[in-house]
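Here the structure comes first, spelled out in structure tokens, and everything after it is commentary.
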Amino acid sequence: MKSLRSSLFAVLLATTGGAFAQDGTIYPLSAIAEPNAIKLGTGGVNNQPASESWFKQWGEPMVRNVTTATLTPYLPAPGKGNGAAVLVAPGGGFRWLSINNEGWKVAQALADKGIAAFVLKYRLHPTPDTIDRFKQSMDRMFTAASSNTDGNPRAVVPDLNNQLADAEAAYALIVSRAKEWGVDTKRLGMMGFSAGAGLTMHSTLNSKTMKLAFIAPIYGGMGPVDVPKDAPPMFTAIAADDFLFKGQFGVVKSWFDAGKPVEFHLYQNGGHGFGLGYPGNTANGWFPVFHHWLDVNGFLKAKP
């Protein structure tokens with residue numbers, strides 16, 4: 001089945017740059033204001049032991065125990081929009097969100113290029129209430145993820161029903177307000193990082209309502225999938241020293257064998273969770289390449 005074959009989200013975790021930051025200690029953080037966040041009204045999370053809370057790691061703000069999904073628009077400056085749009089899904093193993101490194105920063109970079117961007121703060125699987133117990137649960141998850149070699153998602157991610165519902169609601173909201181936000185719905189795609197890459201792929205394989213023009217799963221799982229007949233063009237990138245890579249090219253071959261447009265970039269180094277990139281690693285150059293890919297494929301200009 002597609003949901004089982006989509007091994008891309010088996011261990012999709014966002015370490016948010018642990019390989020290149022200097023302090024991996026988890027610090028409590030006061031909630032960050034999100035004045036432009038729009039509630040999606042998709043419900044809550046069952047058996048949630050704790051309320052939403054924030055922490056800081058690797059110099060980046062993170063949020064966990066999200067029970068209310070929201071969408072935050074990042075729109076181009078007036079007169080600068082080109083009509084293209086991207087739904088952005090941060091990563092975090094479906095247990096937290098690297099919402100700045102893989103969300104807000106990316107959305108702003110897209111908006112600066114004239115592309116309307118929308119950060120999806122999707123509901124998460126519950127984590128313990130205290131920082132110490134949360135860290136212990138993270139350690140267990142990373143151990144399970146690192147030992148996973150067959151792409152079976154069941155060990156790490158039981159189901160993505162809530163997350164898919166959130167993505168579908170976000171897509172529907174963008175479509176409903178497309179005129180207001182300057183979005184050409186025929187050029188609306190989805191990008192995700194790590195777990196967000198998994199949600200992007202899961203939406204592509206399973207959603208009955210989302211008609212994505214393109215997808216960009218960034219450092220997601222690389223296992224093979226069953227490609228839908230109406231699958232969109234795909235841009236994907238990962239670093240060779242990413243623990244998710246494991247020398248696999250399955251998802252790329254799946255797209256290629258299905259006769260669907262695919263562009264794949266394997267960077268020499270960059271680790272996992274590099275976001276937009278950082279100096280000193282070859283993965284630092286992926287975002288301009290992605291923008292060029294959008295341009296060459298005609299997504300930055302309206303078709304006659």
Side-chain angles (χ1 to χ4, degrees), residues 2-3 5-6 8-9 12 40 42 69 71-74 81-91 102-103 106-107 110-111 113-122 160-178 181-221 225-237 251-252 254-256 258-264 287 290-291 293-303:
K2 290 178 181 178
S3 60
R5 290 291 304 281
S6 58
L8 338 169
F9 60 81
L12 299 171
L40 292 173
T42 48
L71 187 71
T72 300
Y74 281 74
N82 55 41
V86 181
L87 176 61
V88 180
E102 298 170 345
V106 174
L110 289 165
K113 294 290 187 181
I115 302 167
F118 303 87
V119 177
L120 174 60
K121 183 182 177 185
Y122 51 89
L160 293 179
N161 291 332
N162 284 351
Q163 292 76 18
L164 178 59
D166 295 344
E168 290 179 332
Y171 178 90
L173 179 61
I174 296 169
V175 171
S176 70
R177 299 179 65 173
W181 286 335
V183 170
D184 180 351
T185 56
K186 294 181 179 179
R187 293 185 285 137
L188 168 58
M190 185 172 181
M191 164 182 283
F193 299 80
S194 192
L199 179 54
T200 298
M201 185 57 65
H202 187 69
S203 299
T204 303
L205 301 181
N206 296 282
S207 178
K208 304 299 183 183
T209 61
M210 300 174 71
K211 306 299 180 184
L212 298 168
F214 58 87
I215 58 172
I218 308 299
Y219 47 81
V225 298
D226 293 330
V227 181
K229 292 182 179 179
D230 60 348
M234 177 174 67
F235 176 99
T236 186
V251 66
V252 177
S254 295
W255 239 253
F256 177 80
K260 301 299 180 181
V262 56
E263 178 148 340
F264 171 55
F287 186 77
F290 170 65
H291 183 262
W293 179 81
L294 289 175
D295 187 23
V296 170
N297 281 277
F299 293 117
L300 301 185
K301 295 181 180 179
K303 296 180 181 179

Looking at every heavy atom in both Val88 and Ala117, which two are closest together, and how far apart are they? CG2-CB, 4.4 Å
From Leu199 atom CG to Thr204 atom OG1, the distance as rounded to the nearest 0.5 Å: 9.0 Å
Determine, stepwise, if the pair Tyr74 / Leu110 fulfils side chain to side chain contact (heavy atoms under 4.5 Å, CB included). CA-CA 8 Å; Tyr74 281 74; Leu110 289 165; over 6 Å; no
How close do Ser207 and Leu164 get, counting heavy atoms only, and between which atoms? CB-CD1, 4.1 Å
Which atoms form the tightest heavy-atom contact between Ala170 and Leu87, and what is the distance? CB-CD1, 3.9 Å
Find out whether Leu71 and Ile174 are in side-chain contact, i.e. whether some heavy atom of one side chain is under 4.5 Å from a heavy atom of the other. yes
Mind checking what makes ring-ring contact (aromatic ring centres under 6.0 Å, His included) contact with Phe256, not counting sequence neighbours? none
Can you tell me if Tyr122 uses its side chain to pair, donor with acceptor, with the backbone of Pro90 under 3.5 Å? yes
Taking every non-hydrogen atom, the tightest pair across Thr236 and Pro217: OG1-O, 2.8 Å
If every non-hydrogen atom of Met190 is compared with every non-hydrogen atom of Ala89, which pair is closest and at what distance? CE-CB, 4.1 Å
Tell me whether the centres of the aromatic rings in Trp255 and Phe264 are closer together than 6.0 Å. no
Rounded at 0.5 Å granularity, tell me how far CD in Glu168 sits from CG in Asn206. 9.0 Å
Heavy-atom closest contact (Ala167 atom, Ser203 atom, distance): CB-OG, 3.8 Å
Is there a donor-acceptor pair closer than 3.5 Å between any side-chain N or O of Lys260 and the backbone N or O of Lys229? yes
Taking only residues two or more places apart in sequence or in another chain, which ones pass side-chain hydrogen bond (donor to acceptor under 3.5 Å, both in side chains) with Asn82? none
Could you tell me which residues satisfy side-chain hydrogen bond (donor to acceptor under 3.5 Å, both in side chains) with Thr42, sequence neighbours excluded, listed by chain and number? Asp166
Looking at Val225, is its backbone amide N or carbonyl O close enough to the side chain of Ser254 to form a donor-acceptor pair, meaning the two atoms are under 3.5 Å apart? yes
Answer whether the closest heavy-atom distance between the side chains of Thr200 and Ile218 falls below 4.5 Å. no
Measuring from His202:NE2 to Asn161:CG, what's the distance to the nearest 0.5 Å? 6.5 Å
What's the spacing between Leu294 CG and Glu263 CD if we round to 0.5 Å? 10.0 Å
Has Tyr219 got a side-chain atom pairing as donor or acceptor with Ala197's backbone, closer than 3.5 angstrom? no
Would Thr209 and Tyr171 count as a side chain to side chain contact (heavy atoms under 4.5 Å, CB included) if you check the C-alpha gap in whole Å, the side-chain angles of each, and the deciding distance to 0.1 Å? CA-CA 9 Å; Thr209 61; Tyr171 178 90; 5.5 Å; no
Only one of Phe290, Phe299, Phe214, Phe287 passes ring pair (Phe, Tyr, Trp, His ring centres under 6.0 Å) with Phe235; say which it is. Phe290
Can you tell me how far apart NE2 (His291) and CG (Leu300) are? Round to the nearest 0.5 Å. 4.5 Å
